[in-house]
Amino acid sequence: MRPRSTVLAALPALILVTSAHAQAADRTNTADIPPRHYDIVSRVESLDGAERTVDQDTKITYGLQAQVLFGKDSATLSDQAQKHLDAIAAKIAASGTTEAVQVNGYTDDLGGEAHGLVLSRGRAEAVRNVLSKNPSLSAVRFTVAGFGEKHPIADNKSESGRVKNRRVEIVVTKS
């Protein structure tokens with residue numbers, strides 16, 4: 001006869017094995033296994049970091065640094081901005097989206113929060129104005145938001161980080 005402590009020590013293992021068999025018997029086919037969803041994210045950035053595309057399951061975000069589109073502390077589009085926005089307009093048109101396209105502006109943390117909110121909104125509106133005049137996007141609706149220094153993508157303690165945070169992002173929901 002086994003000592004009582006040995007029998008009690010084996011009891012949890014016996015319960016675990018019995019429980020595992022019961023669960024396996026409950027699942028008679030793979031349809032009973034809950035599905036898992038993994039959001040695959042693809043990030044592509046130009047060598048100089050001026051342009052970035054983030055492709056996710058439900059949306060694509062096209063990001064352009066402010067230096068590509070605007071002068072310092074300005075919401076007036078530069079001459080070189082048009083070719084970048086035309087390329088993005090072609091991608092939006094090809095996507096066939098039926099959802100509103102979001103145009104979001106961001107700044108670094110210099111110049112104060114109120115100034116950043118006004119500047120980021122003005123930059124987002126300038127980009128929206130150009131995109132909405134593109135004939136291939138005549139059926140597309142746009143929304144605009146300025147987030148100022150909120151949602152940084154880099155550290156504001158260095159100039160290189162602040163450059164990355166000064167950006168406009170165009171978010172296209174996949175149909």
Side-chain angles (χ1 to χ4, degrees), residues 36-175:
R36 291 185 183 173
H37 176 79
Y38 298 99
D39 191 13
I40 308 246
V41 178
S42 166
R43 295 178 199 277
V44 178
E45 191 168 320
S46 64
L47 290 175
D48 62 357
E51 296 183 54
R52 185 180 67 261
T53 302
V54 179
D55 190 346
Q56 296 173 280
D57 283 352
T58 59
K59 64 184 177 180
I60 299 175
T61 303
Y62 303 103
L64 294 169
Q65 287 184 348
Q67 68 189 19
V68 173
L69 301 172
F70 305 99
K72 184 173 176 66
D73 201 32
S74 171
T76 303
L77 287 163
S78 66
D79 294 335
Q80 68 176 356
Q82 189 66 46
K83 72 174 186 166
H84 293 285
L85 295 176
D86 285 344
I88 290 174
K91 293 174 185 176
I92 295 169
S95 76
T97 187
T98 57
E99 302 292 323
V101 173
Q102 300 171 23
V103 182
N104 301 325
Y106 304 89
T107 62
D108 58 26
D109 65 351
L110 300 178
E113 185 177 347
H115 175 72
L117 288 171
V118 171
L119 180 60
S120 62
R121 172 109 185 161
R123 287 177 170 179
E125 287 175 348
V127 169
R128 187 255 340 252
N129 290 342
V130 168
L131 292 175
S132 65
K133 291 177 184 172
N134 189 304
S136 65
L137 301 179
S138 61
V140 176
R141 293 176 297 121
F142 292 92
T143 62
V144 174
F147 293 101
E149 62 190 56
K150 296 177 186 172
H151 313 293
I153 58 172
D155 190 354
N156 274 310
K157 292 179 182 172
S158 69
E159 180 56 27
S160 63
R162 289 190 293 271
V163 166
K164 288 183 179 183
N165 290 332
R166 296 188 293 258
R167 68 195 189 279
V168 172
E169 293 181 346
I170 300 143
V171 183
V172 180
T173 303
K174 294 181 180 179
S175 297

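Note that the coordinates shown come from a computational prediction; the quantities given were computed from them, not determined experimentally. Values below: every heavy atom of this structure, side chains too, minus hydrogens, waters and symmetry copies.
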Residue pair Val172, Ile88: steps toward the side-chain contact (heavy atoms from CB on, under 4.5 Å) verdict: CA-CA 10 Å; Val172 180; Ile88 290 174; over 6 Å; no

Intermediate values then yes/no, side chain to side chain donor-acceptor pair (under 3.5 Å), Gln82 and Asp86: CA-CA 6 Å; Gln82 189 66 46; Asp86 285 344; 2.8 Å; yes

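When all heavy atoms of Val103 and Ala124 are compared, the pair lying nearest together is CG1-O, 3.3 Å. Taking each heavy atom of Asp109 and Glu149 in turn, the nearest pair found is CA-OE1, 3.6 Å. Contact record, Arg167 with Pro152: NH1-CA, 4.5 Å, taken as the closest heavy-atom pair. Summarising the geometry of Ala126 relative to Ala75, their closest heavy-atom pair is CB-O, 3.5 Å, with the distance given to 0.1 Å.
Remark: the backbone N or O of Gly148 is not paired with any side-chain donor or acceptor of Glu113 at under 3.5 angstrom. Distance alone, capped at 3.5 Å, is enough to place a donor-acceptor pair between the Gln80 side chain and the Val68 backbone. Between the side chain of Asn165 and the backbone N or O of Ala154, at least one donor-acceptor pair lies under 3.5 Å. Remark: the backbone N or O of Val144 is paired with a side-chain donor or acceptor of Arg121 at under 3.5 angstrom. Thr97 places no side-chain N or O within 3.5 Å of a backbone atom of Lys174 that could act as its donor or acceptor partner.
Within the 4.5 Å cutoff, side-chain heavy atoms of Val127 are placed close to those of Phe70.
In this structure, the side-chain contact (heavy atoms from CB on, under 4.5 Å) partners of Ala93, at least two apart in sequence or on a different chain, are Ser136, Leu137. The side-chain contact (heavy atoms from CB on, under 4.5 Å) check on Val44 picks up Ser42, with sequence neighbours excluded. Residues passing the side chain to side chain donor-acceptor pair (under 3.5 Å) test with Asp57 are His37, sequence neighbours excluded.
Between Phe147 and Tyr106, the ring planes are parallel. Angles under 30° get that label, and only those over 60° would be called perpendicular.
Under 4.0 Å is where a charged nitrogen must lie from a carboxylate oxygen, and between Arg43 and Glu45 no such pair does.
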